[in-house]
Amino acid sequence: MRPATGLLVGQTATVDALTWIAVGSLVVWGWLLLGQGFFWRTDVRLPRGGTRVDPGARVDPGARANPGGEPVVPCEDPADLAIEECWPPVAIVVPARDEAAVLPVSLPSLLAQDYPGPAEIFLVDDGSTDDTGKLARELADEHGGLPLTVDSPGEPPRGWTGKLWAVRHGMTLAEARPDMEYLLLTDADIAHEPDSLRELVRAARGSGLDLVSQMARLRVATAWERLIVPAFVYFFAQLYPFRWVNRAGARTAAAAGGCVLLRREAAERAKVPDVVRHAVIDDVALARAVKRSGGRIWLGLADRVDSVRPYPRLGELWRMVSRSAYAQLRHNPLLLVATVAGLALVYLVPPVALCAGLPAGRPALWAAGAAAWALMAVTYVPMLRYYRQTLWLAPLLPLTALLYLLMTVDSAVRHYQGRGAAWKGRTYARPGAAP
């Protein structure tokens with residue numbers, strides 16, 4: 001009888017340990033629900049224009065009229081946007097590398113921007129091999145609209161990522177227009193509604209913001225996209241709660257690289273993109289630089305901006321995540337271990353506790369697991385609604401989290417194999433290895 005008793009005690013101790021772990025997971029979900037900046041809510045949308053600039057906010061000097069009565073831009077008061085001449089000039093910078101597949105959808109949307117002020121597009125061809133630059137010129141000739149300049153800076157110097165080298169070249173081209181007040185940095189796969197630029201500028205002017213970024217609505221068409229893409233935005237918001245990003249005194253800073261409206265003076269003050277030239281996760285690095293230099297930033301979900309890049313298969317989604325996941329952890333093995341453990345505790349323990357507790361007749365174990373799983377699913381529902389997906393995907397979030405866990409581990413493996421941070425034929429070293 002003693003061996004059986006010892007076995008029973010061992011099983012009880014194991015179940016008790018699982019119960020405490022499940023309770024810990026439930027406590028974490030209580031914190032995530034209420035204490036992590038309400039990251040799960042999807043109501044952080046572009047500020048409406050027309051509000052006054054805060055008294056302490058920076059505004060460019062200007063006047064409504066010069067001595068001769070002619071309007072002068074930029075105007076000082078955001079309310080002056082009612083005057084057509086007061087809309088500030090904008091340079092739209094589009095870095096593009098082998099983007100011929102998506103340009104026919106995205107570039108015409110930029111050319112067709114209904115913007116009351118002066119705007120010009122600078123598409124920077126970053127060493128494409130698919131005639132991206134030629135196609136861009138043909139689309140401009142076909143559709144008309146905003147003026148387009150296509151240029152190429154050549155291969156990036158050591159220590160620069162290709163995208164940021166292209167952005168720098170585009171900003172240099174824009175500097176030839178000294179009156180340019182704003183830069184719209186947008187990726188080649190991003191399509192904009194006709195009023196997108198106007199609303200971005202209205203929000204920046206009306207709220208006294210130096211950087212306004214919208215997370216484009218990613219394509220969700222295939223089964224794998226439905227399973228993984230909404231969770232990508234959900235996890236990003238959990239890591240960088242938008243409300244914390246938008247709080248002037250908070251340390252949290254982030255942006256979505258597909259759509260960033262940046263005040264030119266703020267870019268110069270923050271010394272971007274040079275100061276973040278080696279960053280693989282360049283949007284977050286750029287936002288941090290602007291916020292550290294005293295700029296006001298805003299990040300939210302988009303209603304007028306969409307990514308048209310398809311990720312129809314798991315392999316393509318896997319590469320999208322794994323190429324930068326370990327860079328997000330600063331190539332730190334300890335952070336990797338902590339991240340894997342955290343993902344397991346938060347997302348994998350609840351279903352395991354429920355499935356283990358029910359057949360074992362342990363109500364505390366399965367109840368804690370069920371409650372944590374329910375909270376998880378409830379917080380995921382708003383993102384699924386934003387992406388217009390079935391709510392039956394909410395209980396599958398643990399499966400999606402497991403995939404992201406494996407992608408993160410794979411990202412670290414690729415890094416140590418010398419294949420990390422690979423994108424379109426280029427592989428980037430971690431920042432410490434670059435000059």
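Values in this document were obtained by computation on a predicted structure and should not be read as measured data.
- Tested against S293 for a side chain to side chain contact (heavy atoms under 4.5 Å, CB included), the candidates E268, K271, R288, R269 yield a single pass: R269.
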Exercise for review: Please lay out, stage by stage, how Y234 and F39 fare under the test ring pair (Phe, Tyr, Trp, His ring centres under 6.0 Å).
Suggested key: CA-CA 8 Å; Y234 173 88; F39 76 93; 5.2 Å; yes
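- To the nearest 0.5 Å, the span separating CG on D303 from CD on Q214 amounts to 7.5 Å.
- Of all heavy-atom pairs between G258 and I190, the closest is O-CG1, 3.5 Å.
- One distance of note links CG of L164 with CZ of R277; it measures 10.5 Å at 0.5 Å rounding.
- T186 and H192 form a side-chain donor-acceptor contact under 3.5 Å, judged by distance and modelled atom types alone.
- A donor-acceptor pair under 3.5 Å is absent between the side-chain atoms of Y404 and the main chain of L399, judged by distance alone.
- In this structure, the side chain of S411 engages the main chain of Y326 through a donor-acceptor pair within 3.5 Å.
- We find that D274 and R168 are joined by a salt bridge, their nearest charged nitrogen and carboxylate oxygen being less than 4.0 Å apart.
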Practice item. I would like to know whether D187 and R309 meet salt bridge (charged side-chain N to carboxylate O under 4.0 Å, His left out); could you show each step before the answer? Key: CA-CA 10 Å; D187 289 346; R309 190 184 305 283; over 6 Å; no
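- For the residue pair L110 and L146, the shortest heavy atom distance occurs at O-CD1, 3.4 Å.
- F235 is listed as a side-chain neighbour of L397, based on a closest heavy-atom distance under 4.5 Å.
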Exercise for review: Carefully, step by step, assess V44 and R243 under the rule side-chain contact (heavy atoms from CB on, under 4.5 Å).
Suggested key: CA-CA 8 Å; V44 182; R243 284 173 171 80; 3.5 Å; yes
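- Every residue meeting the side chain to side chain contact (heavy atoms under 4.5 Å, CB included) condition with A174, not counting sequence neighbours, appears here in chain and number order: A91, F122, L183.
- With hydrogens and angles ignored, the 3.5 Å screen pairs a side-chain donor or acceptor of T222 with a backbone N or O of P312.
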Point to revise | Trace of the side-chain contact (heavy atoms from CB on, under 4.5 Å) decision for R388 with R217 | key: CA-CA 11 Å; R388 307 181 184 96; R217 200 189 305 259; 3.8 Å; yes
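- Looking at heavy atoms from C-beta onward, P95 lies out of side-chain contact with W165 at the 4.5 angstrom threshold.
- Closest non-hydrogen pair, S25 versus A372, comes out as OG-CB, 4.1 Å.
- Scored by the side chain to side chain donor-acceptor pair (under 3.5 Å) test, S106 finds no partners at all (sequence neighbours excluded).
- A pairwise comparison of heavy atoms in A279 and A285 identifies CB-CB, 3.7 Å as the closest pair.
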Exercise for review: Decide yes or no on ring pair (Phe, Tyr, Trp, His ring centres under 6.0 Å) for Y240 and F236, but give the supporting numbers first.
Suggested key: CA-CA 6 Å; Y240 303 104; F236 184 91; 5.1 Å; yes
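- Of all heavy-atom pairs spanning A412 and L336, the tightest one is CB-CD2, 3.6 Å.
- A heavy-atom distance below 4.5 Å is not found between the side chains of I121 and L184.
- Judged by a 6.0 Å distance limit and a 45° cone about the ring axis, R264 is not positioned over the six-membered ring of Y182.
- Side-chain N or O atoms of T132 include none that pairs as donor or acceptor with a backbone N or O of R97 at under 3.5 Å.
- Separation of atoms CG (D43) and CZ (R41) is listed at 4.0 Å; rounding is to 0.5 Å.
- Other residues, nucleotides and ligands place no more than 12 heavy atoms under 6.0 Å from the CZ atom of R385.
- Using modelled atom types, one finds a donor on one side chain and an acceptor on the other under 3.5 Å when comparing D125 with S128.
- Here the side chain of E225 pairs a donor or acceptor atom with the backbone of Y311 at under 3.5 angstrom.
- A search for side chain to side chain contact (heavy atoms under 4.5 Å, CB included) contacts involving R198 returns W87, D114, Y115, P116, D195, R202, not counting sequence neighbours.
- In this structure, L173 and D151 have side chains that are in contact, with non-hydrogen atoms separated by less than 4.5 Å.
- Looking only at side-chain heavy atoms (C-beta outward), L103 and L123 come within less than 4.5 Å of each other.
- E199 places no side-chain N or O within donor-acceptor distance of the main-chain N or O of S196, the cut-off being under 3.5 Å.
- In this structure, Q238 contributes its side chain and Q36 its backbone to no donor-acceptor pair below 3.5 Å.
- Of the inter-residue distances, the one linking R251 atom CZ with K291 atom NZ reads 10.5 Å to the nearest 0.5 angstrom.
- With contacts defined as side-chain heavy-atom distances shorter than 4.5 Å, the pair P88/R205 qualifies.
- Within the 3.5 Å criterion, the main-chain N or O of Y387 finds a donor-acceptor partner in the side chain of Q389.
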Exercise for review: Go through the steps to decide whether D210 and R263 satisfy the test salt bridge (charged side-chain N to carboxylate O under 4.0 Å, His left out), and finish with yes or no.
Suggested key: CA-CA 5 Å; D210 294 294; R263 190 187 295 271; 3.3 Å; yes
Exercise for review: List the steps and the verdict of side chain to side chain donor-acceptor pair (under 3.5 Å) for T129 and D98.
Suggested key: CA-CA 6 Å; T129 59; D98 292 335; 3.2 Å; yes
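- A 4.5 Å side-chain heavy-atom check between D126 and K163 finds every atom pair outside the cut-off.
- Looking only at distances, no side-chain donor or acceptor of W29 sits under 3.5 Å from a matching main-chain atom of W373.
- P350 and M376 make their closest contact through CG-CE, 3.9 Å (heavy atoms, listed as atom of the first residue, atom of the second, distance).
- Summarising the geometry, atom OG belonging to S213 is positioned 7.0 Å from atom CG belonging to D283; distances are rounded to the nearest 0.5 Å.
- Under the 4.5 Å side-chain criterion, counting only non-hydrogen atoms from C-beta, P153 is in contact with V124.
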Review point. Checking side-chain contact (heavy atoms from CB on, under 4.5 Å) for the pair I92/L197: CA distance, chi angles, key distance, verdict?
Key: CA-CA 9 Å; I92 303 173; L197 179 58; 4.1 Å; yes
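- No more than 12 heavy atoms of other residues, nucleotides or ligands sit less than 6.0 Å from atom CH2 of W366.
- Using a 3.5 Å distance cut-off with no hydrogens or angles, the side chains of D410 and W318 do pair a donor with an acceptor.
- The closest donor-acceptor contact from the side chain of N246 to the backbone of L299 lies under 3.5 Å.
- Taken from CD in E193 to CD in Q113, the straight-line distance is 9.0 Å, to the nearest 0.5 Å.
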Exercise for review: Take L46 and L301 through the side-chain contact (heavy atoms from CB on, under 4.5 Å) test and state the conclusion after the steps.
Suggested key: CA-CA 7 Å; L46 199 65; L301 296 173; over 6 Å; no
